[in-house]
Amino acid sequence: MEPLRTVYDPKAVETRLYEGWRDAGQFKPAADAGQPTFTVVLPPPNVTGRLHMGHALTATIEDAYVRWHRMAGDAALWLPGTDHAGIATQVMVERDLAKEGKTRQGIGREAFLARTWQWKERHGGIIDTQHAALGASLDWSRDRFTMDEVSSRAVREAFCRLHEDGLIYRAYRLINWDHASQTALSDLEVEHKEVDGFLWHLAYPVEGSDERLVVATTRPETMLGDSGVAVHPDDPRYQHLIGRHVILPLTGRRVPIVGDAILVDMTFGTGAVKVTPAHDFNDFKTGKRHELAVITVIGFDGNMNANAPEAFRGLSVAAARTAVVAALEAAGALVKVEPHKLNLGVSQRTGVVCEPLPSDQWFVSTAPLAAKALAAVKDGRTRILPEHRTADYYRWMESIQDWCISRQLWWGHRVPAWHCAACKGITVGREDPSACQHCGSAAIAQDNDVLDTWFSSGLWPLTTLGWPEKTADLQRFYPTDLMETGWDILFFWVARMMMLGLHFTGEVPFKTVFLHSMVLGEDGKKMSKTRGNVVDPIELIDQYGADSLRFYLATMAGQDQGIIFSRARVEGYRNFCNKLWNAVRFAGMNLEDFDAAELASWRAAVIDRGDVSALATADRWILARALETAIQVGELLASYRLDLAAHAIYQFVWYELCDWYLEAAKLSLRGDAADPLRRAAQGTLATVFDLVLRTLHPITPFISEALWQTLPRPAGEGDSLMLAAYPRVLTRDAAGAPLTMAGPVPGAGALLADSGVQAAREDMAAIIEVVTATRMLKAEFKLPPAQRVEILLRAEDPAAQARVLRMQACVVHLARLQSLRVVEAAEVPRESGSAVVRGVEVVLPLIGLVDLAAERVRIGKDLEKLGKEGDSLARKLDNAGFRAKAPPEVIAKDEARLAEIRVDIEKLGRTRARLGG
RNA sequence: AGGACUGUAGCUCAGUGGUAGAGCACUACCUUGACACGGUAGGGGUCAGGGGUUCGAAACCCCUCAGUCCUACCA
């Protein structure tokens, strides 16, 4: 076996291991043997996209859970795939065309689509490689693209079924128009941002009188399309005008004054509202109520159209605004201008201001779908985490609007509907029709629109499993188990999958939704190219290794607020990987004469027989702690606290296993091959690292696999850690204490309960405290760490004294002492430093070295600190309320601590007296 | 306008009723036979502020302040 290098080099193992796993088919779920399944569908990234931190977070969390379940014996399936991303991709290709001076309209639909497919072939797939670099154990044999054949069939089937169910309809309505990408958008794709604007007060002359009705508006240019003015029916200022008309300035149009209590708030502005049904959602509804004309003055190109007076035609909305205001002012119709904050609707994709425009579009009637989706969460069939996000989900589902699903794009699933030139009827079909189903005419043409990208992603858990065919996958893996994604697409995606999944199968698409928050730049702001705060996960993998990044992201999985990226922490986890690497390297160096057969016989004798008598104190202690850590990590994973699971294992590996056990084991390992202590330590090392690497694997798959394969393991174990059994609790006793565990220590319960193990844990705690006290004394008196000194221990209590004798060798070794002696009070030299732990006085004799006065002061400080703690405890224990109401175990703990403090105070007091204080 | 979340060490974050924690950064010492991406010993916090509940509050309740975000819109 080649010796491991002293610095862990991720590049040397990651690709090799990933390809090995993949080529051996280890990412595929195990064959169906009736075992439970665990299914996760990866949120499909844009096909031409690059991995960003959000993807990395998603993949880390999902992979951790998939690997955990796979090791736990479930048939785990994690489904990959990519999204055609309608607008995003089309915009990119159009930009590319523009470089050649071409437009999509110029080259035509067919050529444009061909070009987009080419673009997809050229730029697609990069993100798959990047997911692989992260270690994602996705089943690539089931890869899917939202516009491949299977997906397209699913989309078409879904559209037709919804249409047959009366849940898809076509209507002439006001929609949000993005003039940059020339398409309608759903409400969700419009973001609102607050900007400083103005409130213009415009005077409209009332027909047949000298009166002028003053309206207030933030969009004066739309007055060209006004078809009414609304006032509140109870408003005494205007009541008499209802039913009369105003003459619009600039256009001269005669429009009615209507009374409308819904639109008008008497206290806002002037109390009179101009009504422009074609360009405002509320006005559109008001227009319907009063049968007002819909006069479109803004065209799909974002400019004023032919319905506007000639002077304004062709102007952009902004230019038209300036021109209209100037014209009104010239006409004496501008009464007042005041500053006003308003919210602008902006396209999520292109960033341009969206115009509400009336047009013919396809809609999904959402109310019946939402009712089922709402019920499924209310009755717990699907659980949303963090819990408080459930309220957002409820609120959105309860106030849901119909979903505009048609887009005037070319890249996407074309609406499977045909318009008849003869009878104007619409034919919707699973197969392309050759004639109108209403009149039989052959003069039919397919609808030009494509479907919202989210329509196909909304079907994703179904599509990836082969729906609408009744595939074996669908039957075995649906409903899926976990949907992990960013909370920013709760409505866009999760809600739609819930609605469509329930509608088409009657079952929820997933049982648990786990929502994570956004990864922000190191400056705490949203990552953006313009801000220059973008962190590229691939660069981090290059620099620190995939496991370091994964470990970091795992510890952030619980963050609800926003994850402020910290490179220093990634680096910290890189250091952790290195620590682990070297710890196993150390173990390996000491296991050269301890092969699989030796390990098997050791386990048979120690683990299987449950006989720990041959094990040293430290061996027993670390075995117990490793088991406890594995159990704890399993529980934390089950409760979706991946962050705490990662933390727990980090702490154990570094501060218990490396800091104490490996140091202590060196004492046992000094012996020769025949030495039973050496053998005990070897068996312990092999077993504990086996446990640790299994526990760690879901979070850090590469390094754990690489190291595990270097350790001896009994015959019969597989060759890959990723398929090894996770050390999880299999059975528990009546009180809930673990009995048996999967993995290398089946009888974990008996081992943990063993009295010899319990005693060893007490001893180890004492060893740690005594060693720490002696190190502190050495540092305090500025002795070089290498200087071997004699330490004296004084303990009156026979039990304590016996323990000191038991741990003598270990303490000498760990504290680098020359010797350790148990002495009587009289033997303690006057000139010495001392500390008290657990009723044992630790004395460092310092003849000629110690400044008695200074040492008195130091001990005085210790006494003061102990005194304070003792006083506060004593007060608490004297409090009748505390005695009466606190739980007995808390009282007992405090009493024990107080007794300990009193012994320590007494000892320190005598020490100080000895020093002449 | 409603609503959610957050405020703990210089920075990034744990800690949900029982004496304030980790990583990084900082100070001093150490090339100790796995690891300097390391070791040992340290310094550093009125747990945003105020009130309340409780024997006991960083944690539970109320208010204030600050930050982040979501939803809906007043023309």
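Here is the naming used below: chain letters follow the sequence lines, and residue numbers restart at 1 for every chain. Quick caveat: nothing in here was measured; it's all calculated off a predicted structure.
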**Asked** Reckon A:Asp659 touches a base, only the sugar-phosphate, or nothing at all at heavy-atom distances under 4.0 Å?
**Response** sugar-phosphate
**Prompt:** Is a donor on one side and an acceptor on the other found under 3.5 Å between the side chain of A:Asp260 and the backbone of A:Ala230?
**Reply:** no
**Request:** Report which part of the nucleic acid A:Cys577 touches: base, sugar-phosphate, or nothing (heavy-atom distance under 4.0 Å, all strands).
**Result:** nothing
**Request:** Look at all strands and tell whether A:Arg875 reaches a base, only sugar-phosphate, or nothing, counting heavy atoms closer than 4.0 Å.
**Result:** nothing
**Request:** Verify the contact: side-chain N or O of A:Lys526 to OP1 or OP2 of B:C69, cut-off strictly under 4.0 Å; return yes or no.
**Result:** no
**Asked** In Å, rounded to the nearest 0.5 Å, how long is the span from CG of A:Leu657 to CZ of A:Phe689?
**Response** 4.0 Å
**Request:** Tell me the partner of B:C26, counting only Watson-Crick (N1-N3 plus N6-O4 or O6-N4) or G-U wobble (N1-O2 and O6-N3) with both under 3.5 Å; none if nothing fits.
**Result:** B:G42
**Message:** Measuring from the side chain of A:Lys579 (C-beta onward, heavy atoms only), which nucleotide among B:G15, B:C37, B:C35 has the closest atom?
**Reply:** B:C35
**Message:** Which nucleotide wins on minimum distance to the side chain of A:Asp560, given the candidates B:C70, B:A75, B:C5?
**Reply:** B:C5
**Prompt:** Checking all strands, does A:Gly271 fall into the base, sugar-phosphate, or nothing category for heavy-atom contacts under 4.0 angstrom?
**Reply:** base
**Request:** Identify whether any heavy atom of A:Thr218 sits under 4.0 Å from a base atom; if not, whether one sits that close to sugar-phosphate; answer base, sugar-phosphate or nothing.
**Result:** sugar-phosphate
**Request:** Using the closest heavy atom to pick a nucleotide of RNA chain B for each, name whichever of A:Val890 or A:Gln401 lands nearer the 5' end.
**Result:** A:Val890
**Item:** Paired nucleotide for B:C60 [Watson-Crick or G-U wobble; both distances under 3.5 Å]
**Value:** B:G52
**Request:** Assign A:Arg775 to base, sugar-phosphate, or nothing according to its heavy-atom contacts below 4.0 angstrom with the strands shown.
**Result:** sugar-phosphate
**Any donor-acceptor pair under 3.5 Å from A:Arg788 side chain to A:Leu817 backbone** = yes
**Message:** Classify A:Ala786 by what it touches in the nucleic acid, base, sugar-phosphate, or nothing, heavy-atom distance under 4.0 Å.
**Reply:** nothing
**Prompt:** With both distances under 3.5 Å as the test, what is the Watson-Crick or G-U wobble partner of B:C13?
**Reply:** B:G21
**Message:** What's A:Thr555 touching, base or sugar-phosphate or nothing? Going by heavy atoms closer than 4.0 Å.
**Reply:** nothing
**Asked** So, A:Ser668 side chain and A:Ala664 main chain: donor-acceptor pair closer than 3.5 Å or not?
**Response** no
**Message:** Please determine whether a side-chain nitrogen of the Lys or Arg among A:Arg219 and A:Asp283 lies less than 4.0 Å from a carboxylate oxygen of the Asp or Glu.
**Reply:** no
**Request:** Name the pairing partner of B:G7, where a pair is Watson-Crick or G-U wobble with both distances under 3.5 Å, or state none.
**Result:** B:C65
**Message:** Please classify the nucleic acid contact of A:Pro887 as base, sugar-phosphate, or nothing, using heavy-atom distances under 4.0 Å.
**Reply:** base
**Fill in**
Closest to the side chain of A:Phe586, out of B:A41, B:C35, B:A34, is B:A34
**Prompt:** From B:A34, B:C74, B:C70, pick the nucleotide closest to the side chain of A:Phe491?
**Reply:** B:C70
**Prompt:** Which nucleotide, B:C70, B:C35, B:A41, lies nearest any side-chain atom of A:Glu663?
**Reply:** B:C35
**Request:** For A:Lys782, report the nucleic acid contact type (base, sugar-phosphate, nothing); a contact means any heavy atom under 4.0 Å.
**Result:** nothing
**Complete:** Taking a pair to mean Watson-Crick or G-U wobble geometry with both distances below 3.5 Å, B:A34 pairs with none
**Request:** Could you let me know what B:G2 is paired to, Watson-Crick or G-U wobble, both distances under 3.5 Å, or none if it's on its own?
**Result:** B:C70
**Where A:Pro233 and A:Ala261 come nearest, the two heavy atoms and their spacing** = CD-N, 3.5 Å
**Prompt:** Which of these nucleotides, B:C13, B:C37, B:C5, is closest to any side-chain atom of A:Val7?
**Reply:** B:C37
**Asked** Do the ring centers of A:Tyr544 and A:Tyr573 come within less than 6.0 Å of each other?
**Response** no
**Prompt:** Do A:Lys579 and A:Tyr650 meet the cation-pi criteria used here (NZ or CZ under 6.0 Å from the six-membered ring centre, within 45° of the axis)?
**Reply:** no
Distances for protein N/O vs nucleotides 19-24 of chain B N/O pairs under 3.5 angstrom?
residue : atom : partner  : partner atom : Å
B:U19   : O2   : A:Glu869 : OE2          : 3.4
B:U19   : N3   : A:Glu869 : OE2          : 2.3
B:U19   : O4   : A:Glu869 : OE2          : 3.1
B:U19   : O4   : A:Arg897 : NE           : 3.2
B:A22   : O2'  : A:Gln651 : NE2          : 3.3
B:G23   : OP1  : A:Tyr655 : OH           : 2.2

**Request:** Nearest-nucleotide wise, let me know which of A:Leu342 and A:Leu188 is further upstream toward the 5' end of RNA chain B.
**Result:** A:Leu188
**Message:** Under 4.0 Å, heavy atoms only, any strand: does A:Trp487 hit a base, just the sugar-phosphate, or nothing?
**Reply:** sugar-phosphate
**Asked** Picking from B:G67, B:A34, B:A72, which would you name as closest to the side chain of A:Gln561?
**Response** B:G67
**Prompt:** OP1, OP2 of B:A25 versus side-chain N and O of A:Arg567: anything below 4.0 Å?
**Reply:** no
**Message:** Does A:Leu520 reach a base, just sugar-phosphate, or nothing at all? Heavy atoms under 4.0 Å.
**Reply:** nothing
**Message:** Does A:Asp392 reach a base, just sugar-phosphate, or nothing at all? Heavy atoms under 4.0 Å.
**Reply:** nothing
**Request:** Measure from the side-chain N and O atoms of A:Glu656 to the backbone N and O of A:Ile622, and report whether any donor-acceptor pair falls under 3.5 Å.
**Result:** no
**Asked** With a 4.0 Å cut-off on heavy atoms, is A:His340 in touch with a base, just the backbone sugar-phosphate, or nothing at all?
**Response** sugar-phosphate
